[in-house]
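Residue numbering restarts at 1 for every chain, and letters A, B, ... go by the order of the sequence lines.
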There are 2 protein chains.
Amino acid sequence: MLSIAAPTPAVVRVPHTARHVDRAAPQTAGAHIAEALKLLQDTLPIQRRLVHAGDTIYQAGERFGCLHVVHSGIFKIITYSADGREQVAGFHFKGDWMGFDGIANGRYGCDAVAMDTAEVWSFRYDTLLQACVEHPELLALVHAAMSREITRDRDSLLSLCTLSADARVADFLRYWAESLAARGLRTDQITLRLTRAEIGNYLGMKLETVSRAMSRLAREKVIRFAERGRRELQIPDIDALREFVQRSLGAPAASRTLQ
Amino acid sequence: MLSIAAPTPAVVRVPHTARHVDRAAPQTAGAHIAEALKLLQDTLPIQRRLVHAGDTIYQAGERFGCLHVVHSGIFKIITYSADGREQVAGFHFKGDWMGFDGIANGRYGCDAVAMDTAEVWSFRYDTLLQACVEHPELLALVHAAMSREITRDRDSLLSLCTLSADARVADFLRYWAESLAARGLRTDQITLRLTRAEIGNYLGMKLETVSRAMSRLAREKVIRFAERGRRELQIPDIDALREFVQRSLGAPAASRTLQ
DNA sequence: CGTTGTATTGAGTGGTTTCAAACGTAGTGG
DNA sequence: CCACTACGTTTGAAACCACTCAATACAACG
C-alpha cells in the first residue's frame, strides 16, 4: 500500500518561506554569498569577465572546462531539445553557479545568457578540484550549490504541475522577488528584463496568458505597474503573492494532486 | 540528449575491468554502472538495504547524512510544497544516486520511495568525502551523477512546457524505456509500477488524460497493452515513440517556443 | 462473490490557446 | 520635432485541449 496522499508531514519540514525570510534580514541578506565569493577569491585563480545583456557565457554543445559564478547581474539558462525546441530553464543570481550540467558528459547542455550588464567569475573545473583537496570548504560550497540547483528545479516542476496559469505567474514573481531579497536587493521596484514571451516559455504558457495573468494580479492589487512601461513593476507585499497562489488553489482546475 | 555533439567524457575515467557481466545486455549496456558500483564497493563501507514496494529510503524533513545509490529496483522521488501539494519529481534506476537535495541545508527535501522490491546502497556523506581525497574517481562519479540529475530535471521541464498531453505521455514512455535499455534491461515488455494518477502527477495532467493518451498511443500502435491488465505494456519500437512526439509537435497547441 | 482500488470512456465545462486588432514605447532618420 | 518603423504589450472573440463529473469495466483479494 503506497499511501502517498498523507499531506501531514511526519517529520519537520522546512518550508521555503522560512529559508528565504531568514536571509532577507536587512543586515545579513547576502552574507553567505559575500563569504562564498571571498572564499573563492582567496583560494582560486579567478578569471573575471564583464558582459552585457545578450552575451552568452557558454553555449550548448561547447566543450566543458569551467564553472562560473555570478558576481553581479542575472543570467538565464536556455536548453534545447534534439528537434530544436528551446526552453528557458532557469535563472541565476549573484552567488549562483553555472555550468554543472557540463560535468557529466564533457559538454555544456545549455546556453547561459546575461540578461543585463553583469560580471561573472570563471574557474577551470580541474583546478577547482585540486584546490578542494586543500580547502574542503570549497568543495562544500560547490556541493551546496549543486544541491540547491536540484532542489530549485524540483520546485519549478511542482509549480508547473500543480498551479494554474495565474498562480504560476504569481509564484514566479514571488520567486524572483525572494531571490532579489535574499541578496539584499530592492524588491519593491523590480525591472523584469524578460519579455512576456520568455516568461511564458519558462512557465509553460503563451505570452498572452502571461499578460492576462499580470493584468489580473494588478487588478487585485497584488502587484502594481510602474508609471513608465509595463516592464517594471512593484511588489508591495511578497506575502500577498503567496496568498494569491493559495486562493487560486481552491477554486479552479488546480488540484492536480494524487487521488 | 542533445543532438549536437559526441559525448566524449573529459572527466577521470575508471579503468576497464574484465568482468562486468550485466545480464541480458547488448554488451556495453550498463557497463559504466557496473564499474561505478564496483568502485563504490571497493572504496567505501557500504550499508546495503533491501526494501519492498512502498518503503521509503528517506523522507522530506529528515536529517541528511547519507547518500544512496540504487543497486536494483526503481525509486520515485516525491516533493512537497509548503502548503502540502505533492509532486512526483523523478525516478531513479540502477546506478542513480539519491539524496543530493539534502546536502545544501542538512535535511532531505523530498521522499524517496521504492516502487518494487529493491536494493539500495547507502553511504555516509562525510565518509564519502574523506574517501574522495584518496580516490578522485569517486568524486568524479558523484559529480557526474549530480550533473546528470540537473540535466534530467531540465529535460523534464522542457517536456512539460513544450509538449501536448499525448506527446508528454509518449515522451515519458520513451524516457522510461531508454532508462531500462541503458541498464541492459528488457524494453519490449515493461511493467509500469505506477498508477495513472502518479503518471499524471509527474506529467502535470489528470489520470483520465493519461488514460486517454495511452489509449490513443495503443490505437496508433506506438505501444501495445499486454494481455493481462493495462499496467504492463510493450514498446515494439522506441523510435516510434519519438516519431509520435514529432508528429504531435506539428499540429496542435504545441509550439510554445520563443519569438 | 462482494469489495476495493484502478482503468476506461463519454458528455459537458472551462481554462488556455489561437487569431486578430489596437496600443505604447523606443529607436531612427528625415 | 515628428513621422515612420520595430518591437513588445494588452485585450477581445472564437476554437480547442484538458479537466470535471459520472458511469462502467476490469483485476486483485479476502
**Study point:** Touch class at under 4.0 angstrom, heavy-atom based, for A:Arg231 against every strand present
**Key:** sugar-phosphate

Review point. Could a donor-acceptor pair under 3.5 angstrom be found where the side chain of B:Arg219 meets the base of C:dT8?
Key: no

Point to revise | Separation of atom CG in A:Leu163 from atom C1' in C:dT16, rounded to whole Å | key: 15 Å

Exercise for review: Measure from CD1 on B:Ile199 to C1' on C:dT6 and round the result to the nearest Å.
Suggested key: 12 Å

Review point. So, do B:Gln234 and B:Ile190 sit near enough that their side-chain heavy atoms are less than 4.5 Å apart?
Key: no

Review point. Looking only at atom types and distance, does a side-chain atom of A:Arg168 sit under 3.5 Å from a main-chain N or O of A:Leu163, one as donor and one as acceptor?
Key: yes

**Study point:** Closest to the B:Arg196 side chain, choosing from D:dT9, C:dT8, D:dA13
**Key:** C:dT8

Point to revise | Nearest-Å distance for atom pair CD/P, residues B:Glu232 and D:dA28 | key: 9 Å

Review point. Please walk me through it: do B:Asp166 and B:Leu217 pass side chain to side chain contact (heavy atoms under 4.5 Å, CB included)?
Key: CA-CA 8 Å; B:Asp166 284 15; B:Leu217 287 172; over 6 Å; no

**Study point:** Distance below 4.0 Å between A:Thr209 side-chain N/O and C:dT17 OP1 or OP2
**Key:** yes

Review point. To the side chain of A:Met205, which of C:dT17, C:dT8, D:dT9 is closest?
Key: C:dT17

Review point. Can you check the A:Asn201 CG to D:dG8 P distance for me, whole Å?
Key: 14 Å

Point to revise | Below 4.0 Å: OP1/OP2 of C:dT9 and any side-chain N or O of B:Ser211 | key: no

Exercise for review: Keeping the roles fixed (side chain from A:Asp237, backbone from A:Asp239), state whether a donor-acceptor pair exists under 3.5 Å.
Suggested key: yes

Point to revise | Spacing of B:Lys206 atom NZ relative to D:dC21 atom C1', expressed in whole Å | key: 12 Å

Check your understanding: Between the base of C:dG15 and the side chain of A:Arg212, is there a donor-acceptor distance below 3.5 Å?
Key -> no

Exercise for review: Round to the nearest Å and state the distance from A:Asp166 atom CG to C:dG14 atom C1'.
Suggested key: 13 Å

**Study point:** Interatomic distance, A:Leu233 CG vs D:dT10 P [rounded to whole Å]
**Key:** 10 Å

Check your understanding: How many Å lie between CD on A:Glu208 and P on C:dA21, as a whole number?
Key -> 14 Å

Review point. If only atom types and distance count, is the side chain of A:Asp101 paired as donor or acceptor with the main-chain N or O of A:Gly109 below 3.5 Å?
Key: yes

